[in-house]
Protein chains: 2
Amino acid sequence: MTEIRQPTPRRGTNLPRMGDFNLTVILEAIRRSSGGLSRVELAQIVGLSPQTISNISRRLLDQQLIVEAGKEGSGPGKPRTILRLNPAGMYAVGVHLDPAVITFVVLDLLGDVVKHSRMATPGGDPAGVITGIAEQIQALIEESGVDASKIAGLGVAVPGPIDLDEGSVVEPPLLTRWNRVRIREALADATGLETLVDKDVTSAAVAETWAGGASGAGSFVFMYMGTGIGCGIVLNDEVVRGTSGNAGEIGHIVVDPEGPQCDCGLRGCVKSSCIPQVLVAEAEAAGVLDGNRHGADGPEVQERYAELCDRADAGDERAIAILDKSATLVARAVSVVTNTLDVERVVFGGPFWGRMSPYFLDRVPGLLDRNNAARMIHGLEVVGTGVGEDVGAIGAACLVLEHMLAPRAQRLLLEG
Amino acid sequence: MTEIRQPTPRRGTNLPRMGDFNLTVILEAIRRSSGGLSRVELAQIVGLSPQTISNISRRLLDQQLIVEAGKEGSGPGKPRTILRLNPAGMYAVGVHLDPAVITFVVLDLLGDVVKHSRMATPGGDPAGVITGIAEQIQALIEESGVDASKIAGLGVAVPGPIDLDEGSVVEPPLLTRWNRVRIREALADATGLETLVDKDVTSAAVAETWAGGASGAGSFVFMYMGTGIGCGIVLNDEVVRGTSGNAGEIGHIVVDPEGPQCDCGLRGCVKSSCIPQVLVAEAEAAGVLDGNRHGADGPEVQERYAELCDRADAGDERAIAILDKSATLVARAVSVVTNTLDVERVVFGGPFWGRMSPYFLDRVPGLLDRNNAARMIHGLEVVGTGVGEDVGAIGAACLVLEHMLAPRAQRLLLEG
DNA sequence: ACTAGGGGCATCAGTGACTGAGATCCGGCA
DNA sequence: TGCCGGATCTCAGTCACTGATGCCCCTAGT
């Protein structure tokens with residue numbers, strides 16, 4: 001299947017590439033506008049001549065990616081014809097393979113969820129699980145009732161590390177038996193769909209650029225709050241994948257010099273001091289959560305973490321202290337990343353985000369600002385994602401949309 | 001002067017842009033080859049047709065950016081004409097404003113230094129210093145004897161934080177009085193040259209891409225070992241500047257949970273535990289370096305640090321221990337950055353690098369490999385820069401060359 | 001109701017960069 | 001000396017963007 005990575009050395013470009021690129025530029029402008037755009041507005045925004053806009057609009061209309069949606073006239077003159085995305089112009093399927101749960105979505109061109117489903121992650125043989133996923137995908141497509149010919153492909157979000165070239169999962173900590181499984185190939189064969197694989201946090205960042213509205217533009221870091229904590233990075237509207245697709249590994253940033261010992265030899269790393277599992281254990285040790293149910297699997301932790309948040313919401317000081325402290329620690333890790341990359345925004349999201357958000361939004365912005373090396377020059381926006389809990393699966397589907405339709409510079413270059 | 005930053009929203013592209021871009025692509029291919037390339041080879045590498053290569057070659061020859069340099073024939077058929085960069089085709093002036101010393105260079109198109117000079121950084125009023133810099137630049141250009149019409153511009157590397165939009169220095173820690181000084185404007189006016197300002201670490205990274213040979217390709221982090229420690233970031237052959245040009249601030253990454261208290265409230269940050277000034281103080285406290293000369297200004301520290309290295313080179317165990325520990329700590333910070341960005345290479349350089357390199361090259365590669373989150377997928381190359389001590393000033397000049405001639409995607413987009 | 005006016009948008013040629021086919025050039029080899 | 005093969009150039013041809021021009025559609029005034 002198509003490669004995501006950039007070839008090197010850099011290759012030239014030619015006329016058809018240019019045309020395709022401009023098409024995606026226009027599509028993106030329409031996508032990022034709130035209520036659609038007229039041809040004249042487009043010309044102004046993208047800097048191309050009105051004629052070119054007209055030509056490209058026609059191509060987009062022919063491809064049914066956009067529709068003419070009413071007119072907007074104020075004052076004399078012919079009213080502007082508004083161009084909007086056609087939600088039914090393209091669909092993509094996304095799968096998020098999480099250690100605890102597998103999420104499936106069908107997304108339309110707007111990035112809205114048409115259909116979704118979940119299943120607990122089976123513990124068995126990867127090959128069997130992959131077959132199950134493929135079946136579930138087929139069922140979901142049928143149930144969704146979308147035109148199968150409009151499905152552009154399948155995106156798969158997996159926990160890292162991954163090998164982007166191989167399209168494989170490489171020794172994910174919580175998915176034993178999934179070592180060097182070439183899931184891209186396997187799912188492409190099983191479903192017949194063009195398939196892209198990427199890391200869950202990268203997918204989440206792509207979801208934000210595609211379905212996240214204003215907070216998905218420019219340069220930002222997406223903090224993915226899941227079973228682990230990782231980040232997706234977007235610089236100048238393009239996601240950063242890294243050499244092998246493993247960018248965003250921040251688990252060993254030291255955030256608490258007095259924190260617990262980590263397997264890396266240091267103390268107080270992110271992954272040993274502020275992931276939900278650790279917080280839950282801390283709460284149990286402190287007697288905030290009763291019992292010592294050491295169920296360390298995904299859903300169990302999420303449930304216990306929700307309990308912890310319930311206590312805090314109810315006013316339990318000790319529960320609040322644990323959450324506040326976790327916010328402080330996470331903020332330190334975020335500061336490291338934002339200072340390294342000088343981004344303009346931090347977007348929080350992921351399955352655990354919903355419950356923790358009030359505690360984080362209360363403290364993190366101030367902490368980040370205080371540690372912002374570029375404090376004198378610009379602020380640092382902190383927001384929660386609008387994409388919701390299924391951001392992994394939605395992002396996976398967005399990988400496909402992004403690959404087909406985003407104005408990446410890569411698109412201009414000739415292929416090897 | 002021209003903006004470095006990318007506008008948003010993304011704008012379209014057109015025919016002339018495409019031509020210019022392809023020209024830079026070909027130039028880069030020639031630049032990155034060891035002994036020049038023929039037209040046929042170029043066609044193969046950049047993916048354009050031989051005719052296009054011929055046309056663009058003619059443009060490059062007309063502009064005197066390349067020259068035909070001999071033929072290379074093996075076997076029957078017309079021998080290939082080798083195209084090489086013409087060193088005299090373009091020059092750039094670079095200035096590195098360091099708290100201790102100001103370095104000046106004139107660079108040719110190959111990235112080789114034609115002429116260079118230094119002066120101690122005067123402590124006076126910024127306006128006066130800037131006048132002095134401008135005079136020194138004029139003198140250097142005259143002495144170098146290069147054709148003034150071939151000088152493409154002036155690059156200025158300054159310590160952060162900076163404001164890239166303003167072209168100004170913003171409260172650099174060791175340059176008091178230099179707050180919000182619009183040095184780009186001032187030097188452009190004073191010299192009449194097109195002027196670009198960027199952070200020293202970013203400039204160093206650009207130097208590596210332009211003058212560093214093979215180690216300047218692809219995705220890497222440039223660790224700048226100076227009075228402070230910072231990094232320049234290059235992803236997919238393009239330097240990362242960040243929203244305001246302040247990317248690469250890694251001073252507050254925690255690397256030693258038992259380290260000294262930092263002004264940020266944590267312990268063991270990079271800037272409080274492994275910058276030369278701290279190591280020298282440590283050595284003095286331990287009696288490795290005699291006396292307690294607390295001269296904390298730049299040249300003084302560099303001298304004392306050299307002494308420390310001398311001791312280590314001579315076999316002083318305690319001196320070696322201090323340097324080894326600093327290598328360990330720096331490696332931790334580097335790991336944070338490389339795991340966040342998943343780059344393929346780390347390049348060390350900067351004024352202090354020469355003396356510390358044996359100790360670092362001995363330990364850092366192993367430590368980085370051990371902490372590499374993508375260890376199973378790819379290795380992490382560690383090299384010292386070939387650019388030398390003046391990497392800041394050379395990088396400053398390279399900013400100009402890069403801006404004029406590098407195949408940045410940005411070049412394709414229409415301007416606002 | 002009709003007309004003037006103005007802005008949106010399409011049509012038509014024009015420019016310029018890349019491409020394909022064929023011609024030309026240049027050396028080695030028989 | 002003539003043949004051959006590879007490198008490069010010449011000459012149209014294609015196609016995306018641009019500028020000029022004109023049609024279309026709506027508002028507003030009479």
Side-chain angles (χ1 to χ4, degrees), chain A residues 11-27 29-30 36-62 66-83 407 411-415, chain B residues 11-27 30 36-63 66-83 407 411-415:
Chain A
R11 301 174 78 85
T13 186
N14 61 13
L15 232 27
R17 295 266 153 185
M18 186 170 99
D20 289 350
F21 178 81
N22 280 342
L23 185 138
T24 63
V25 169
I26 291 180
L27 200 67
I30 296 175
L37 289 172
S38 68
R39 291 173 176 79
V40 222
E41 289 169 313
L42 278 169
Q44 227 170 7
I45 292 172
V46 306
L48 295 167
S49 67
Q51 300 76 342
T52 303
I53 304 290
S54 264
N55 292 338
I56 295 181
S57 303
R58 193 168 317 121
R59 280 175 63 192
L60 286 167
L61 286 165
D62 287 347
I66 62 172
V67 287
E68 297 195 331
K71 316 206 167 223
E72 184 181 73
S74 63
K78 178 172 173 177
R80 304 171 166 186
T81 314
I82 302 299
L83 302 173
R411 179 180 307 282
L412 279 158
L413 309 184
L414 299 166
E415 268 145 28
Chain B
R11 302 174 77 84
T13 186
N14 61 15
L15 232 27
R17 294 267 154 187
M18 187 169 98
D20 288 350
F21 178 81
N22 280 344
L23 185 138
T24 63
V25 168
I26 291 179
L27 200 67
I30 296 176
L37 289 172
S38 68
R39 291 173 175 79
V40 225
E41 289 169 313
L42 279 169
Q44 225 169 9
I45 292 172
V46 307
L48 294 167
S49 68
Q51 301 77 342
T52 302
I53 304 290
S54 263
N55 292 338
I56 294 181
S57 303
R58 196 169 312 122
R59 280 175 63 192
L60 286 167
L61 286 165
D62 287 347
Q63 292 178 41
I66 62 173
V67 288
E68 297 195 330
K71 313 200 169 231
E72 184 182 72
S74 64
K78 179 174 173 177
R80 304 172 167 187
T81 315
I82 302 298
L83 303 173
R411 181 181 305 283
L412 279 158
L413 309 183
L414 298 166
E415 266 145 30

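Lettering follows sequence order; numbering is per chain, from 1. No hydrogens, no waters, no symmetry mates; every other heavy atom, side chains included, goes into these values.
Across dT8(D), dC9(C), dT19(C), the shortest atom-to-atom separation from the side chain of N14(A) is found for dT19(C). With dT18(D), dC9(D), dC26(C) as the candidates, the nucleotide lying closest to the side chain of P79(B) is dC26(C).
Between the side chain of E41(B) and the backbone N or O of S38(B) there is at least one donor-acceptor pair closer than 3.5 Å. Listed for the Q63(B) side chain is no donor-acceptor partner under 3.5 Å among the backbone atoms of L60(B). Formation of a donor-acceptor pair under 3.5 Å by the N14(A) side chain with backbone atoms of L48(B) is not found in this model.
A sub-4.0 Å separation between OP1 or OP2 of dA17(C) and a side-chain N or O of N22(B) is absent. Residue S54(B) places no side-chain N or O under 4.0 Å from the OP1 or OP2 atom of dT8(D).
Across the interface with DNA chain D, nearest-nucleotide mapping of M18(A) and S38(B) shows S38(B) to be the residue nearer the 5′ end. Closest-nucleotide positions on DNA chain C for G19(B) and I53(A) were compared, and the one nearer the 5' end corresponds to I53(A). Residue whose closest nucleotide on DNA chain C sits further toward the 5' end, between N55(B) and E41(A): E41(A).
A heavy-atom distance below 4.5 Å is found between the side chains of T52(B) and I56(B). No side-chain heavy atom of R17(B) sits less than 4.5 Å from a side-chain heavy atom of L413(B).
Within 4.0 Å of R59(B), counting heavy atoms only, lies no atom of the nucleic acid at all.
One finds no salt bridge joining R80(A) and E68(A) here, because no Lys/Arg side-chain nitrogen approaches an Asp/Glu carboxylate oxygen to under 4.0 Å.
Spacing between atom CZ of R39(A) and atom C1' of dC25(D) amounts to 14 Å, rounded to whole angstrom units.
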Write down the protein N/O and nucleotide N/O pairs, taken from nucleotides 20-24 of chain D, whose separation is under 3.5 Å; answer none if there are no such pairs.
| unit_1 | atom_1 | unit_2 | atom_2 | d |
| --- | --- | --- | --- | --- |
| dA20(D) | N6 | Q51(A) | NE2 | 2.8 |

